[in-house]
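The next block holds one structure in the form of structure tokens; read it before the comments.
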Amino acid sequence: LATGPRQNDSIFYEIRTYDIKPSKMKEFVEMVNKYFHLRTAHSELVGFWSAELGAMNKVVHVWKYENFAHRTAVRHALANDNDWQGKFISAALPLMERQHNEVAYLVPWCQLGKPPKEGGIYEWVTFQMKPGGPALWGEAFRAAINAHINTGYTKLIGVFHTEYGLLNTVHVIWWNESPDHRAAGRHSAHEDARVVAAVRDSVRFLESQKNMLLIPLQCSPLK
């Protein structure tokens with residue numbers, strides 16, 4: 001029941017979320033910073049973040065693939081990369097409590113953006129929409145996103161709609177200069193009649209939502 005348009009090309013994004021043992025978070029981040037060049041030698045990393053608020057001891061990373069055959073080839077190469085397996089995977093797996101992945105496409109009206117400068121923070125917002133896909137809720141959701149963009153307080157990085165994982169899930173990544181800048185902007189948005197009207201229309205299709213404030217790791221292309 002997830003129907004509706006998506007990007008015209010075959011490019012998709014794999015969203016990987018790892019829960020790290022609380023006592024091992026510092027060690028895990030240090031390993032990523034030291035060895036992740038071995039992983040990015042195989043395919044394109046979009047971003048890698050650790051959760052600061054809304055979750056704890058969690059990291060999120062997003063990978064870009066040209067198609068499913070490309071992902072299969074990359075995963076095969078990684079399994080046979082002795083440096084990657086020996087220096088990172090064998091040491092990192094005992095530090096993790098669980099792993100989760102999803103495959104998602106950018107929605108048709110969104111291109112992957114970049115922040116205007118380095119040093120900000122990212123907000124990752126997950127919306128669980130009613131079954132039916134973008135054919136049902138797409139236009140109302142787009143209007144709500146655009147209403148927030150038009151306030152000018154935040155920068156849209158990307159809007160992703162799941163293809164594998166929990167269907168009718170939409171992940172939205174925003175960039176702000178700081179947590180305080182984001183808080184002030186949200187306060188203004190809540191008093192903006194354009195935002196209020198657009199959100200009121202879109203929530204008819206909403207089941208639930210949650211968010212995290214994310215800090216980019218050293219290896220993240222999105223900083």
Side-chain angles (χ1 to χ4, degrees), residues 12-37 39-40 43-65 88 92 95-107 110-128 141 144-145 148-149 151-162 165-166 169-187 189 208-223:
F12 68 84
Y13 298 83
E14 182 177 6
I15 301 166
R16 299 180 72 93
T17 305
Y18 298 167
D19 290 313
I20 310 302
K21 294 178 180 178
S23 63
K24 300 297 185 180
M25 187 64 182
K26 182 175 182 292
E27 182 180 350
F28 180 84
V29 171
E30 289 174 349
M31 287 188 57
V32 169
N33 289 335
K34 184 175 182 179
Y35 292 118
F36 226 62
H37 65 282
R39 174 61 185 85
T40 55
S43 66
E44 181 179 347
L45 175 66
V46 173
F48 199 130
W49 304 267
S50 63
E52 180 72 13
L53 297 172
M56 297 181 70
N57 304 300
K58 186 184 293 290
V59 297
V60 182
H61 39 128
V62 179
W63 299 89
K64 179 180 178 181
Y65 293 102
F88 183 83
L95 310 183
M96 302 179 192
E97 290 192 324
R98 62 182 61 87
Q99 298 173 281
H100 175 72
N101 75 336
E102 300 168 277
V103 165
Y105 292 97
L106 282 169
V107 296
C110 174
Q111 299 298 318
L112 194 62
K114 293 184 178 180
K117 60 182 180 180
E118 292 186 4
I121 55 95
Y122 292 79
E123 182 182 8
W124 184 290
V125 190
T126 299
F127 299 87
Q128 186 58 44
F141 190 86
I145 293 295
H148 282 86
I149 293 172
T151 63
Y153 84 89
T154 188
K155 165 70 174 177
L156 180 65
I157 300 300
V159 182
F160 302 87
H161 177 219
T162 54
L166 185 59
T169 301
V170 181
H171 299 290
V172 182
I173 308 176
W174 301 97
W175 178 91
N176 282 278
E177 291 184 10
S178 69
D180 287 318
H181 183 261
R182 184 261 181 196
R186 289 286 290 176
H187 180 76
S208 65
Q209 66 185 91
K210 61 181 179 180
N211 69 343
M212 298 183 289
L213 186 147
L214 302 176
I215 306 297
L217 269 61
Q218 179 180 313
C219 67
S220 179
L222 286 175
K223 287 189 169 64

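Put simply, the side chain of Val46 does not reach to within 4.5 Å of the side chain of Trp63, judged on heavy atoms. Side-chain contact check for Arg186 versus Tyr153: some heavy-atom pair is nearer than 4.5 Å. Counting only heavy atoms from C-beta outward, the side chains of Arg39 and Leu45 never approach each other to under 4.5 Å. For the pair His171 and Thr162, the minimum side-chain heavy-atom distance is below 4.5 Å. Inter-residue side-chain proximity for Trp174 and Arg182 is flagged as unmet; no heavy-atom pair is nearer than 4.5 Å. Using a 4.5 Å cut-off on side-chain heavy atoms (C-beta onward), Met212 and Val60 make contact. Within the 4.5 Å cutoff, no side-chain heavy atoms of Glu97 are placed close to those of Asn57.
The two atoms that bring Pro115 and Lys223 nearest to each other are CG-O, 3.4 Å, heavy atoms only. Here the shortest heavy-atom pairing between Met25 and Val59 reads CE-CG1, 3.5 Å. Ile121 and Pro179 get closest at one heavy-atom pair: CG1-N, 3.8 Å. Residues Pro216 and Leu222 approach most closely at CB-O, 3.3 Å, considering heavy atoms. Contact detail for Ile157 and Lys114: the closest heavy-atom pair is CD1-C, 3.8 Å. Across all their heavy atoms, Lys117 and Trp175 have their closest contact at O-CZ2, 3.6 Å.
His187 NE2: 12 or fewer foreign heavy atoms inside a 6.0 Å radius.
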side-chain contact (heavy atoms from CB on, under 4.5 Å) between Phe36 and Gln218, intermediate numbers included: CA-CA 10 Å; Phe36 226 62; Gln218 179 180 313; over 6 Å; no
When you look at Ile20 and Met96, which way does the side-chain contact (heavy atoms from CB on, under 4.5 Å) test go after all the steps? CA-CA 4 Å; Ile20 310 302; Met96 302 179 192; 4.0 Å; yes
Please test Val62 against Trp124 for side-chain contact (heavy atoms from CB on, under 4.5 Å), starting from the C-alpha separation and ending with a verdict. CA-CA 12 Å; Val62 179; Trp124 184 290; 3.8 Å; yes
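In this structure, the separation between CE on Met31 and NZ on Lys24 is 11.0 Å, given to the nearest 0.5 Å. Considering CZ of Phe160 and CG of Leu112, their distance stands at 5.0 Å, rounded to 0.5 Å. Note: Gln128 CD to Thr169 OG1 = 3.5 Å, rounded to the nearest 0.5 Å. Residue Glu102 holds its CD atom at 7.5 Å from CG of Leu166, rounded to the nearest 0.5 Å. Rounded to the nearest 0.5 Å, atoms NE2 (His181) and OG1 (Thr154) are 8.0 Å apart. For the atom pair Lys21 NZ and Glu27 CD, the distance stands at 10.0 Å (nearest 0.5 Å).
Applying the ring-ring contact (aromatic ring centres under 6.0 Å, His included) test to Phe127 and every residue at least two apart in sequence or in another chain returns Phe141. Partners of Tyr35 under the ring-ring contact (aromatic ring centres under 6.0 Å, His included) rule, at least two apart in sequence or in another chain, do not exist in this structure.
Using modelled atom types, one side-chain atom of Ser220 and one backbone atom of Phe48 make a donor-acceptor pair closer than 3.5 Å.
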